[in-house]
Amino acid sequence: MGDHLLDVKNLSVDFHTTHGTVHAVRDVSWHLERGETLAILGESGSGKSVSASAILNLIDMPPGEITSGEILFEGKDVLLMSAEDRRQLNGHRIAMIFQDPLSHLNPVYSIGFQIAETMTAHGVNKGQTREKTIELLARVGIPDPDTKIDAYPHQFSGGQRQRIMIAMALALKPDILIADEPTTALDVTVQAQILTLLEELQEETGMGLLLITHDLGVVAEVADRVVVMNAGQIVETGTASGVYHSPQHPYTKKLIAAIPGEGDMAEPLGSGAEPILEISGLSKHYGAFVALDDVSLTVLPGETVAIVGESGSGKSTLAKTILRLEEATGGQALFQGQDLIRMDANALFKVRRDIQMVFQDPTQSLNPRMSIFDIIAEAFVIHPEILAKQHWKARVCELLEQVGLKAEHMYRHPHQFSGGQRQRIAIARTLALEPKLIVCDEAVSALDVSIQAQVLALLTQLQDDLGLSFLFIAHDLPLVRDFAHRVIVMQSGKIVEQGPVEQIFDAPREKYTRSLIAASLSPDPDVQAVRRTALRKMQEAAV
Amino acid sequence: MTQIQNQDTDLPDIPKAPNPVGQTLQMLWNDKFAFVSVVFLLIVVLCALFGPLLLEDVATKQNLRGRNAPPFDFSASWPYWLGGDALGRPLLARIIVAAQNTIFVAAGAVFFSLIIGTALGLVAGYTTKTWSQVIMRLADIIMAFPSLLLAVIVLFMLDSSVFNLVIVLAITRIPVYLRTARAETLEVRERMFVQAAQVMGASTRRIIFRHILPVVFPTLVTIATLDFAFVMLAESALSFLGIGIQPPEITWGLMVSLGRPYLTTAWGLSLWPGLAIILTTLSLNLVSNWMRTALDPAQRWRLENVRKQNG
């Protein structure tokens, strides 16, 4: 059976914890051919990264233990090799790139040194490394590689850092490249570029590409075959297009059904109502840097307005300025007729009840040392006029049930919940204040697709029940498509385009909006193939 | 929505909160080292509270036949079981009596420096740049002075009473807590849950005491327990120089330095009070270690699950 380049057979990995043994991966088998792209698709905790870590000997043992199985690389079982032999494989024959390139590049060494280090560690002559590094940097599309070779990681953008990681991984022309969520931390347009680069490099070198991802769009863009994992087991294997069009396993079906961007778009609300929030000419400068430039928008009662843009477009600054976490440089934001920007502390305290915020990462937005009851009841402590103390517990129970959690959860602490549950707790906390407007800053970006769908359904239901308005900040266009009434597209601090959701998606007027929509990935491999050629043509025409 | 209405009528259904006292004792029992340490510290505190009351006379009575008496002579009366000092006074009784001064000075100095240093550190970390600068430069001035030199100068000018000693030692240790508290506050204030509290309208006081302090506190307590030993030794150094506690008042540190000339002939004179210092510090360390785990909800399971793990 030495046919495959890499062959993982019946691999099982356990982690021994004080809570008992966790079967991270159970009886997993897959294989990778030369020149092929295999995607391992799964949500967080599905064990999708564990088998890749086992290949590179990155599992901490203990607490981890490989209980069964073998990993054959060119017919030899790497699990039986000596540590030195495995070191020779790692980086040289099998290389890996990671999700967050900033934390995997050493900030105190120049990137040239770090790329050269990979080569010298595997016996390349020191004299040749510089020249080769410059070649590599040019190949992965770093502009001006002759001088940039001596620059440090913080001097590059996120997309460039990922390119540098790729250059480092390719330094020794590996046979296999393992990419663990390589584009998750990147903007959509940058994601498209990185995936294109990976495809090109694969064509050139004929390496096998193992892609670990949670994103069906990424699978559709690059993968030949896909392995779907859930709870440590493989539930389905097949070609990317086959799995998408005729999923066999209920889990795969559920996963595909949860993908945003396929449902009906919302009708815009009638324009008769008095806007709850009316922003005009808002600007924010940090020294000479303009983060917000003359931003004007309105939000109607019961309306969801989505603000979409890439990182650095000023969408989070906008949220923080409205909530007075940052002071605006100019302009006004009228909330029910009162200007939020020039409000004194007393009036601001009163209005805090009406405008609330749900943050991106519920792990960080909930105080880890407070119980769920304390977190939610803090609203009543700060605003005692809401509720008398003897009713707090009943109200917290009610709020927890309202967001789909159980009353007995209230004495637990945030770390005892999953990401989706934590975001529900954060939503319950905002609801405790009975707000009229909730600002959601990337509120579901950190969550798995199926959890995203649940949280969005919860938000929609709350909007119907309580008549809330949402200002929904996101970088993910398909997500917004199903959820928002109106969409505002931002770029470098300015509003580029705004309009009803149907107009933005079906007839975008601005070039930037069109490129954003073109760069977002469709989960359907066939649709994505058409889009890809269209996008390439667009880029070629631009050049 | 029907669910919510049901909940309204089912008010008695509210789950009970777990009993915090029982939980804490259970967690303490699960960490045997911390448990023994707490018991030891309780004994020390009892000695400090009642020792001088009961044993003052025994501890100061000279007995020339018992000069530098060797330890473990169980035929003698119990205060002499650890031997006698250079004037024949019983060591065990003296250690028990000395506990009061020692603990008072050390605990007082650590307590005051912890409270003042933390308060200033939180202010420096959370308020405007001007205040932060003023406070930090004050800390720099204190740190720039060798702490013993400062103590010597102050105690020469003022009377060398126990109270003054506490004040001086507290002042010299303030910068440690101040700098730590400030550094951690600067980090914690940027965390998202602090922003979330701001959005809810929480007052500055509430943010500092409810959100920042609980995160910063365990680190400071750990430093405080380590400082306990430092302060005890600093106190003995000052006493040795003749400006701290003066005989006939005694402290463990003073006993160690008084026993120094006899180290070759009667090692017990320095060893037993030294051991008392070590054991107290060690116990405090173990307890603070336990406390850090017990106070952190994400780590607490380590103390709660001991039985399951064994079984």
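The shown structure was predicted, so the numbers you read here are calculated from the model rather than taken from an experiment. Proteins get letters first, then strands, A, B, ... in listed order; numbering begins at 1 in each.
- Taking a cutoff of 4.0 Å between a charged side-chain nitrogen and a carboxylate oxygen, R191(B) and D361(A) do not qualify as a salt bridge.
- Neither the backbone nor the side chain of V351(A) comes within contact range of chain B; no heavy atoms are under 4.5 Å apart.
- Only the backbone of L366(A) comes within contact range of chain B, with at least one heavy atom under 4.5 Å from a heavy atom of that chain.
- Here the side chain of K393(A) pairs no donor or acceptor atom with the backbone of Q390(A) at under 3.5 angstrom.
- The choice from Q360(A), R369(A), R395(A) that makes the most heavy-atom pairs within less than 4.5 Å of chain B is R369(A).
- Of the atoms belonging to K350(A), not a single heavy atom falls under 4.5 Å from chain B.
- Close approach to chain A, defined as a heavy atom under 4.5 Å from one of its heavy atoms, is seen in R206(B), R210(B), H211(B), P214(B), V215(B) of residues 205-217 of chain B, taken by number.
- Between chain B and the residues I355(A), L323(A), V381(A), the largest count of heavy-atom pairs under 4.5 Å involves V381(A).
- The side chain to side chain donor-acceptor pair (under 3.5 Å) search around N285(B) returns none, not counting sequence neighbours.
- Of the possible polar contacts, one joining the D344(A) side chain to the A347(A) backbone as a donor-acceptor pair under 3.5 Å is found.
- Side-chain contact between K389(A) and F380(A) is absent, with no heavy atoms from C-beta onward closer than 4.5 Å.
- Checked by atom type and distance alone, the side chain of Q423(A) never pairs as donor or acceptor with a backbone atom of G420(A) at under 3.5 Å.
- For the pair R412(A) (side chain) and F417(A) (backbone), a donor-acceptor distance under 3.5 Å is absent.
- With hydrogens and angles disregarded, no donor-acceptor distance shorter than 3.5 Å links the side chain of W290(B) to the backbone of F35(B).
- For a residue to count as touching a neighbouring chain, one of its non-hydrogen atoms must lie under 4.5 Å from one of that chain's; by this rule L348(A) does not touch chain B.
- Taking the ring pair (Phe, Tyr, Trp, His ring centres under 6.0 Å) definition, one finds that F359(A) meets it with nothing, sequence neighbours left out.
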Worksheet item: Checking side-chain contact (heavy atoms from CB on, under 4.5 Å) for the pair F40(B)/T280(B): CA distance, chi angles, key distance, verdict?
Response: CA-CA 8 Å; F40(B) 180 79; T280(B) 309; 3.9 Å; yes
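- Ranked by heavy-atom pairs under 4.5 Å with chain B, the list E378(A), M357(A), K320(A) is led by E378(A).
- The closest donor-acceptor contact from the side chain of S469(A) to the backbone of G302(A) lies under 3.5 Å.
- Residues of residues 428-441 of chain A lying within less than 4.5 angstrom of chain B, judged on heavy atoms, are R429(A), L433(A) in numerical order.
- Checking side-chain atoms of R324(A) against main-chain N and O of L340(A) turns up a donor-acceptor pair under 3.5 Å.
- Using cut-offs of 30° and 60° on the angle between ring planes, the pair F349(A) and H383(A) is parallel.
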